J.: 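The structure under discussion is supplied below as structure tokens; questions concerning it will follow.
Proteins come first, then strands; the chains are lettered A, B, ... in the order of their sequence lines, and each starts at number 1. Every heavy atom of this structure was used, including side-chain atoms; hydrogens, water molecules and symmetry mates were not. Just so it is clear, the structure is predicted and the values come from calculations on it, not from any experiment.
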Amino acid sequence: MSYELIGISVLWLFLYGYIIVASVDFGAGFFAFYAKVTKREHVVNKLISRYLSPVWEVTNVFLVFFIVGIVGFFPDTAYYYGSALLVPASFALVLIAIRGSFYAFENYGSKQSNVYMFLYGATGLLIPAALSVAFTLSEGGFISEANGVVSLDHWKLFTSGLNWSIVALAIVSILFISASFLTYYASRANDQPALQLVRKWALFWATPTIIMALTTMIALSQNNERHYNNMLDLWWIFGLSVAFFLLSLALLYMGKNYGLAFIAVMLQFFFAFFGYGMAQYPYLLDPYIHIASSVTNESMAIALIAAFIGGLLMLVPSLILLMRLFLFDADYAKGKK
Amino acid sequence: MEFDTVMVSRLITAMTLIFHIVFATLGVGVPLFISLAELIGIKKKDNHYILLAKRWSRGFVITVAIGVVTGTAIALQLSLVWPNFMQLAGNVIALPLFMEVFAFFFEAIFLGIYLYTWDRFKGKYTHWLISLPVVFGAGISAVFITTVNSFMNSPDGFTMDNGEFAAVNPIEAMLNPSAPTRIAHVLGGSYLTVAAILATIAAIALLRKKGAASYHKKALKMTVASIFIFSVLTAIAGDLSAKYLAEHQPEKLAAAEWHFETEENADLVLFGWLNEENEVVGEIRLPGFLSFLAHGNFASEVTGLEATPEDERPPLWVHYMFDLMVSIGMFLIGISLLYLLLSKFKRWNVHKNWMLWLLAISGPLAMLAVEFGWVYAEVGRQPWILRGYMTVDEAATSSPYIVHMFFMFLLLYIVLGTLFAITLRKLFKDNPAEVELEKHYPELREGETK
């Protein structure tokens, strides 16, 4: 396996990790706000804040890890995406800053106000919207380079059907992932009223998720035929994704095995996300960044991979400890600790 | 001054760093003192120290939150604002950036555990042990990031081949010539500053005379002793940094010291200003001391600014930054030493108002010194972003929207700063130490009223 392939696989895995962890967080923010507006906050919000309190910082690190990693492995991405994404990424940064710090201010500082709940819910949807623009850009046609100046066609991006369907897909996926996780967490905590409510949400958001996925495929076929055809060639991966989607839906519907249902949701997105990424290979930005020509020098690649392995050896045990203490400790989830 | 995209790029980065460094410094230093307080508390079976650790960690969470978000901002802004720099330097210096994220990840996980498990373990030391990875993660993060900044000052670990970096050695790049002294100075400075900030909190509480005096006095004793130790260590590291500069980056030292002509037995210029002919007036001159500072020998030759081509010289106002930083450092050594000496005399009350006032201003002054030091470190490297290889003009983004982004981030930092102050105030005003002591440890009720 070449260095660039190892590099991009690891990074893609981390981006996938971010998508799952952040989805739970972002969706939870929206649901907490929605529950407050519909006067059902007493049913679920305790559950939500109990889960989020110990893990919120961890979420952010996944994102920074991906960005620092991709710039390290493929320095050209800093040049093209850095130049082009100044505006959307800065917006995402401001939203992340508001969300992260307000979370701390409100949770450790004082009681939860309506303004805070609104911001928490709204940023949960706006951050993924702003970040998912990067996926649109990678398809090509929005970024151009002339005389050593990289520029982004903001208007074309704003009016692109592909862009909006990717944004919509990101948002509904988040709500689906988050609701199915909360269903599992509620069952773990044995909180029946909350369980019934979040299970309903999970079932509701399943349909838009699959509809938006298909819409995005259609928009992609008009935008980047190469990518689309590659995806068709990888039909079996997307078939697996759909199969896991149906499994999770069935389990949620029957109301049993919520843990397995959430794992099925994770696998659904795992296959869809990797199928999407493999189809885009070998471009990181069509047609400017080719994976083989943009990869960093050999010694840096080896050093990064070594650091990555060393880092994982430190992190995995710590993460397991964190999860055992909070996530999977039934007494903690129930609020007894 | 022209407000082109390069200028605005510099301003936006300066703004983010000036804001972030406050929280980064606290983030590096506070865990050490939380850990120390808890350890002393367990050893001495003194709940005052346990409460100290608890209250410090509660405030710390808020600073971490802002540290995380501004740290994310600077991590992304490196690529967004300086895309050409990251494209070039990423090839050589990506490793420590990458490892820093791991270190932070590690720290964040254990901080989460530490905060939520005060009463969950049976073993006496188990909870304290969890603080160690936090202290370690915070410190090593600072080490990694400082190696990146050092690399910008003294690039190493590669050869230049047709405008591209070749024969890259990432470890050598990390261990570049300026890294060791700068790491020591940054770490020492962070611990010093946090000790001073915590001393300020205790001193103000004692000045207000709202009670819990012995609790605050213990905090003061512990933090002032730390100020003394770390101010001396930081000064030594700073001195070594100056010797490094004299050797490898003479223009940076020369600009800070207003040393224009290369000469032996060079004078050290303190303060003063420049008149219209660019001559130094109103200064204090210490004969031969610059030679001593630079090479440890009063007779040695110190390279002047004249040796550097005019368009590669840093601006001369960094002199003030340098002098202010050093003056504050000297003040901190002096005040902490005085406190420690006076507290040896049993009959002398060391907690007199003037002493408390001097300690109360130590924290803000120390934080200012951190800012002055970083401004000197960054501006003193100009016009380079990567000394000898790339200037800031070549590195900056060409996007015209950078101006809008500047104001957006300015607004963000104003909002964050304000909310930070309000939240901290609320957090501790509604629940002062004396109330919490009474509530959780009524057995420690004190007889004294002072």
Side-chain angles (χ1 to χ4, degrees), chain A residues 53-55 57-58 60-61 63-65 67-69 71-73 75-87 89-91 93-94 96-98 100-105 108-110 148-152 296-297 299-300 303-304 307-308 310-311 314-315 318-319 321-322 325-326 337, chain B residues 58 61-62 64-66 68-73 75-76 79-84 86-88 90-92 94-95 97-99 101-102 104-106 108-113 115-117 120 133 165-166 168-171 397-399 401-402 404-405 408-409 412 415-416 419-420 423 426-427:
Chain A
S53 298
V55 297
E57 301 159 73
V58 175
N60 224 24
V61 189
L63 177 67
V64 178
F65 184 94
I67 290 164
V68 171
V71 170
F73 266 106
D76 283 354
T77 54
Y79 176 64
Y80 287 99
Y81 282 108
S83 304
L85 279 170
L86 179 68
V87 177
S90 293
F91 269 108
L93 265 181
V94 169
I96 288 174
I98 290 176
S101 51
F102 276 35
Y103 183 79
F105 291 150
Y108 307 120
S110 61
V149 174
V150 175
S151 52
L152 170 64
T296 187
N297 55 76
S299 46
M300 180 56 80
L304 289 177
F308 177 77
M314 261 169 55
L315 280 186
S318 339
L319 269 176
L321 182 65
L322 181 77
L325 282 171
F326 298 107
K337 270 184 187 168
Chain B
R58 230 175 283 153
V61 177
I62 314 278
V64 168
I66 306 195
V68 171
V69 295
T70 54
T72 311
L76 263 83
S79 294
L80 295 174
V81 182
W82 308 100
N84 305 315
M86 282 310 282
Q87 188 188 22
L88 182 73
N91 282 302
V92 191
L95 180 65
L97 283 172
F98 192 68
M99 293 200 290
V101 185
F102 269 119
F104 178 74
F105 210 153
F106 188 66
I109 290 172
F110 280 94
L111 182 65
I113 297 176
L115 291 173
Y116 288 89
T117 54
R120 262 178 89 173
F165 290 162
V168 172
N169 182 340
I171 305 291
T397 181
S398 48
S399 172
Y401 297 106
I402 188 81
H404 306 90
M405 297 304 114
M408 190 169 81
F409 278 100
L412 173 72
V415 170
L416 286 186
L419 284 172
F420 172 69
T423 312
K426 253 202 221 154
L427 191 64

J.: Compare every heavy atom of Val92(B) with every heavy atom of Met300(A), then report the nearest pair and how far apart it is.
T.: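 Answer, listing the atom of Met300(A) first, then Val92(B): CE-O, 3.0 Å.
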
J.: What residue, out of Thr117(B), Ile171(B), Val81(B), Asn84(B), has the most heavy-atom pairs lying under 4.5 Å from chain A?
T.: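 Looking at each of Thr117(B), Ile171(B), Val81(B), Asn84(B) in turn, Asn84(B) comes out on top.
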
J.: Using non-hydrogen atoms and a 4.5 Å limit, figure out which bit of Thr70(B) sits close to chain A: side chain, backbone, both or neither.
T.: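 Neither part.
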
J.: So which residue, Val87(A), Leu63(A), Leu85(A), ends up with the most heavy-atom pairs under 4.5 Å with chain B?
T.: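 Between Val87(A), Leu63(A), Leu85(A), the count favours Val87(A).
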
J.: Among the options Ala84(A), Gly69(A), Gly72(A), Ser318(A), pick out the one with the most heavy-atom pairs lying under 4.5 Å from chain B.
T.: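 Ranked by heavy-atom pairs under 4.5 Å with chain B, first place is Ser318(A).
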
J.: Using non-hydrogen atoms only, which part of Leu88(B) is less than 4.5 Å away from chain A: side chain, backbone, both, or neither?
T.: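 Looking at Leu88(B), nothing touches chain A.
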
J.: Determine the option with the most heavy-atom pairs under 4.5 angstrom with chain A, choosing from Ala75(B), Pro133(B), Ser79(B).
T.: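 The residue among Ala75(B), Pro133(B), Ser79(B) with the greatest pair count is Ser79(B).
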
J.: I need the minimum non-hydrogen distance between Ala303(A) and Leu95(B), along with the two atoms involved.
T.: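 Shortest heavy-atom contact: O-CD1, 3.6 Å.
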
J.: At a heavy-atom distance under 4.5 Å, which candidate from Gly82(A), Gly310(A), Ala307(A), Ser151(A) has the highest pair count against chain B?
T.: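 Highest number of pairs under 4.5 Å: Gly82(A).
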
J.: Is chain A contacted by the side chain of Leu412(B), its backbone, both, or neither, given a heavy-atom distance below 4.5 Å?
T.: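 Just its side chain gets close to chain A.
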
J.: Please find the pair of heavy atoms, one from Pro75(A) and one from Gly90(B), that lie closest to each other, and give the distance.
T.: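 Where Pro75(A) meets Gly90(B) most closely, the heavy atoms are CG-C, 4.3 Å.
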
J.: List the atom of Leu76(B), the atom of Ala89(A), and the distance in Å for their closest heavy-atom pair.
T.: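 Reported closest heavy-atom pair: CD2-CB, 4.3 Å.
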
J.: Considering residues at least two apart in sequence or located in another chain, which fulfil the ring-ring contact (aromatic ring centres under 6.0 Å, His included) criterion with Phe98(B)?
T.: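 Partners of Phe98(B) under the ring-ring contact (aromatic ring centres under 6.0 Å, His included) test: Phe65(A), Phe102(B).
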
J.: Output the option from Val71(A), Leu304(A), Thr296(A), Ile67(A) having the highest count of non-hydrogen pairs under 4.5 Å with chain B.
T.: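 The option with the most such pairs is Leu304(A).
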
J.: For Ser299(A), is it the side chain, the backbone, both or neither that has a heavy atom under 4.5 Å from a heavy atom of chain B?
T.: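 Its backbone and side chain both get close to chain B.
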
J.: Please name all residues satisfying side-chain contact (heavy atoms from CB on, under 4.5 Å) with Phe420(B), sequence neighbours left out, ordered by chain then number.
T.: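 If we apply the side-chain contact (heavy atoms from CB on, under 4.5 Å) test to Phe420(B), skipping adjacent residues, the hits are Phe105(A), Phe23(B), Ile62(B), Thr63(B), Ile66(B), Leu424(B).
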
J.: Taking all heavy atoms of Phe105(B) and all of Leu315(A), pick out the closest pair and write down the distance.
T.: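 Heavy atoms only, the tightest pair is CD1-CD1, 3.5 Å.
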
J.: Are any side-chain N or O atoms of Asn297(A) and backbone N or O atoms of Asn91(B), one a donor and one an acceptor, separated by less than 3.5 Å?
T.: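 At least one qualifying donor-acceptor pair exists.
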
J.: Let's test your reading of the structure: which of Leu93(A), Val68(A), Thr77(A) forms the most heavy-atom pairs below 4.5 Å with chain B?
T.: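 Answer, by heavy-atom pair count under 4.5 Å with chain B: Leu93(A).
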
J.: Check whether Phe91(A) gets within reach of chain B through its side chain, its backbone, both or neither, counting any heavy atom under 4.5 Å.
T.: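 For Phe91(A), backbone and side chain are both near chain B.
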
J.: Between chain A and each of Val101(B), Leu80(B), Thr397(B), Leu97(B), count heavy-atom pairs under 4.5 Å; write down the option with the most.
T.: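 Ranked by contacts with chain A, first place is Leu80(B).
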
